[in-house]
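Whatever order the structure lists ligands and atoms in, that order sets their numbers, starting from 1. Note that the structure is a prediction, hence the values are computed from the model and not measured.
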Amino acid sequence: MKIAIYGQYYQNSTEPIIKDIFSFFKTNNVEMVIEENFLEMLHEKQLVKKEYETFSVSTSLDNSYEMLISIGGDGTILRAATLVRNSGIPILGINAGRLGFLATVPKESIDNFLQFVIDKNYTISERTLLSITCAPKNDAIENDLNFAMNEVTVSRKDTTSMITVDTYLNNEYLNSYWADGLIISTPTGSTGYSLSCGGPILTPNVESLVITPIAPHNLNARPLVIPDNTEIKLRVSGREDQYLISLDSRIASVRNESVLTISKTDFKIKMIEIPGETFLKTLRNKLLWGEDKRN
Ligand SMILES: NC(=O)c1ccc[n+]([C@@H]2O[C@H](COP(=O)([O-])OP(=O)(O)OC[C@H]3O[C@@H](n4cnc5c(N)ncnc54)[C@H](O)[C@@H]3O)[C@@H](O)[C@H]2O)c1
Ligand SMILES: Nc1ncnc2c1ncn2[C@@H]1O[C@H](COP(=O)(O)OP(=O)(O)OP(=O)(O)O)[C@@H](O)[C@H]1O
């Protein structure tokens with residue numbers, strides 16, 4: 001069994017996590033291949049020797065890997081998705097971060113969870129992604145990483161004035177949002193930025209997207225759930241010449257009046273769900289639903 005290991009940061013808490021993972025996998029004869037910058041960090045801290053094979057953003061992973069283990073928070077999982085891309089390699093997140101909504105494995109008792117990996121006792125949760133085409137073409141977005149697991153957002157840039165986002169669904173006019181921005185969220189992203197702007201939570205396997213305005217001054221505008229095979233066209237205008245577009249954590253500038261077409265990609269990201277660590281449990285525990293003392 002061959003497993004890719006990825007992390008973005010080294011903190012004090014990294015050491016016990018790495019020690020647990022490495023000793024467990026060594027005992028179980030699992031081959032580990034480590035992302036090159038992360039290996040550099042671990043080597044600098046004298047945690048591991050440089051005897052491991054490495055991979056990087058530019059050396060795409062092939063399907064000989066059983067999975068990629070991401071050590072960090074949700075931001076690290078979003079970066080991990082840009083490493084696996086359309087390879088079909090599933091991602092397992094060990095939560096070394098704060099919320100870790102997508103990184104479901106707690107960093108305590110890692111051995112118990114990794115035993116599920118060895119036993120192949122897990123399920124796959126497939127996550128819909130969004131990508132963009134821009135007319136005229138925009139190389140800053142339309143590149144190898146043209147996909148978002150959480151959301152695509154358009155928002156104002158260099159100004160406090162609102163932008164106007166003319167929005168069409170399958171070429172039918174929907175609305176001109178006058179707002180700070182507009183979020184097109186996947187089910188995965190529905191618990192991220194969209195939620196903060198009043199959007200609904202979707203379970204990961206729902207075949208829908210959510211259009212959520214950011215602070216709209218059309219006061220009646222509400223988040224809208226649409227089928228995920230909808231083609232969404234946006235044309236943004238405003239006082240500045242440019243606005244911002246983001247795909248998860250990545251951001252670029254786009255000229256006003258460009259036409260953006262947003263649609264789902266033809267591949268999905270596979271997230272590993274370990275027995276007992278379900279989406280519903282994560283909802284209760286990480287969005288603190290269980291903290292209401294009335295019941
Ligand atoms: N006001 C907001 O809520 C807001 C604003 C900007 C971005 N975001 C989210 O942050 C993501 C980018 O992450 P980052 O690490 O670069 O930014 P960041 O460092 O600002 O972290 C954003 C927070 O959002 C949480 N988060 C990310 N994806 C989530 C998801 N699918 N479900 C639940 N929580 C989630 C993370 O745990 C983290 O605590 C974006 O895709 C967007 O969803 C949220
Ligand atoms: N490999 C790691 N080892 C130890 N701590 C880490 C590691 N990766 C991330 N962290 C901790 O988690 C923090 C957040 O990480 P990351 O950017 O991946 O997540 P995030 O998007 O901020 O989401 P979350 O709220 O889940 O932390 C880091 O600042 C760091 O404190």
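Every N/O-N/O distance between Y10 and ligand 2 stays at or above 3.5 Å. Inclusion of I17 in the set of residues having an N or O under 3.5 Å from an N or O of ligand 2 is not warranted. In terms of N/O distances under 3.5 Å, ligand 2 is approached by L99. Polar contact check, T76 against ligand 2: a nitrogen or oxygen pair lies under 3.5 Å apart.
Every heavy atom of G7 sits 4.0 Å or more from the atoms of ligand 2.
No side-chain donor-acceptor contact under 3.5 Å links E277 to the backbone of E273. Proximity of a side-chain donor or acceptor of R222 to a complementary backbone N or O of T212 within less than 3.5 Å is not detected. When atom types are taken as modelled, the side chain of D180 and the backbone of A215 share no donor-acceptor pair closer than 3.5 angstrom. Between the D119 side chain and the N121 main chain, no donor and acceptor come within less than 3.5 Å of each other.
In the vicinity of S13, heavy-atom distances shorter than 4.0 Å reach the ligand 2 atoms 4 (C), 5 (N). Each of the atoms 41 (O) of ligand 1 lies under 4.0 Å from some heavy atom of D248. Annotation for ligand 2: atoms under 4.0 Å from non-hydrogen atoms of G100 are 24 (P), 26 (O). Contact atoms of ligand 1 toward S249: 12 (C), 13 (O), 14 (P), 16 (O) (distance under 4.0 Å to a heavy atom of the residue). Listed by number with element, the atoms of ligand 1 under 4.0 Å from a non-hydrogen atom of F101 are 32 (N), 33 (C), 34 (N). Atoms of ligand 1 lying under 4.0 Å from at least one heavy atom of L99, given by number and element, are 34 (N), 37 (O). Listed by atom number, the atoms of ligand 1 under 4.0 Å from S196 heavy atoms are 1 (N), 2 (C), 3 (O). In the vicinity of L78, heavy-atom distances shorter than 4.0 Å reach the ligand 1 atoms 12 (C), 13 (O).
Closest to atom 4 (C) of ligand 2 by heavy atom, among I71, T14, N12, is T14. Among R250, E151, R98, the residue whose heavy atom sits closest to atom 40 (C) of ligand 1 is E151. The residue among N150, T191, N95 with a heavy atom at the shortest distance from atom 11 (C) of ligand 1 is N150.
When hydrogens are left out, the protein atom nearest atom 21 (O) of ligand 2 is G75 N, 2.8 Å; that is the closest non-hydrogen contact. Nearest non-hydrogen protein atom to atom 8 (N) of ligand 2 is G72 CA, 3.3 Å. Of all protein heavy atoms, the one closest to atom 11 (C) of ligand 2 is A96 O, 3.2 Å. Of all protein heavy atoms, the one closest to atom 36 (C) of ligand 1 is D74 OD2, 3.3 Å. At the shortest separation from atom 23 (O) of ligand 2 among protein heavy atoms lies D74 N, 3.3 Å. In terms of protein heavy-atom proximity, atom 8 (N) of ligand 1 is closest to Y193 CB, 3.8 Å. For atom 22 (O) of ligand 2, the nearest non-hydrogen atom of the protein is R98 NH2, 2.1 Å. Among all protein heavy atoms, the one lying closest to atom 13 (C) of ligand 2 is G97 CA, 4.0 Å. Atom 15 (O) of ligand 2 has its closest protein heavy atom at G73 N, 3.8 Å. Among all non-hydrogen protein atoms, the one lying nearest atom 9 (C) of ligand 2 is Y9 CD1, 3.4 Å.
Protein heavy atoms are found inside the 4.0 Å sphere centred on atom 31 (N) of ligand 1. Remark: atom 22 (C) of ligand 1 lies closer than 4.0 Å to no protein heavy atom. When distances from atom 16 (O) of ligand 1 to the protein are checked, a heavy atom turns up under 4.0 Å.
Counting only heavy atoms from C-beta outward, the side chains of V225 and L209 never approach each other to under 4.5 Å. Looking only at side-chain heavy atoms (C-beta outward), I21 and I5 come within less than 4.5 Å of each other. A heavy-atom distance below 4.5 Å is not found between the side chains of E31 and M1. The side-chain heavy atoms of I272 and M67, taken from C-beta on, include a pair separated by under 4.5 Å. V206 has its side chain out of reach of T128: every pair of non-hydrogen atoms, C-beta onward, lies at least 4.5 Å apart.
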Checklist entry - Does the pair S125 and R127 meet the rule for a side-chain hydrogen bond (donor to acceptor under 3.5 Å, both in side chains), with working shown? => result CA-CA 6 Å; S125 168; R127 307 305 178 102; 2.9 Å; yes
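If you look at F113 and F24, their ring centroids are not closer than 6.0 Å.
A side-chain N or O of S161 and one of T159 form a donor-acceptor pair less than 3.5 Å apart. Side-chain N/O atoms of S237 and N256 include no donor and acceptor closer than 3.5 Å.
Evaluation of the ring-ring contact (aromatic ring centres under 6.0 Å, His included) rule for F267 yields F147 as partners, not counting sequence neighbours.
With respect to Y52, the ring-ring contact (aromatic ring centres under 6.0 Å, His included) criterion is satisfied by exactly one of F38, F25, F22: F22.
Residue Y177 comes nearest to P213 through the heavy atom pair CD2-CB, 3.8 Å, listed as atom of the first residue, atom of the second, then distance.
The cationic atom of K233 (NZ for Lys, CZ for Arg) does not lie both less than 6.0 Å from the six-membered ring centre of Y168 and within 45° of the ring axis.
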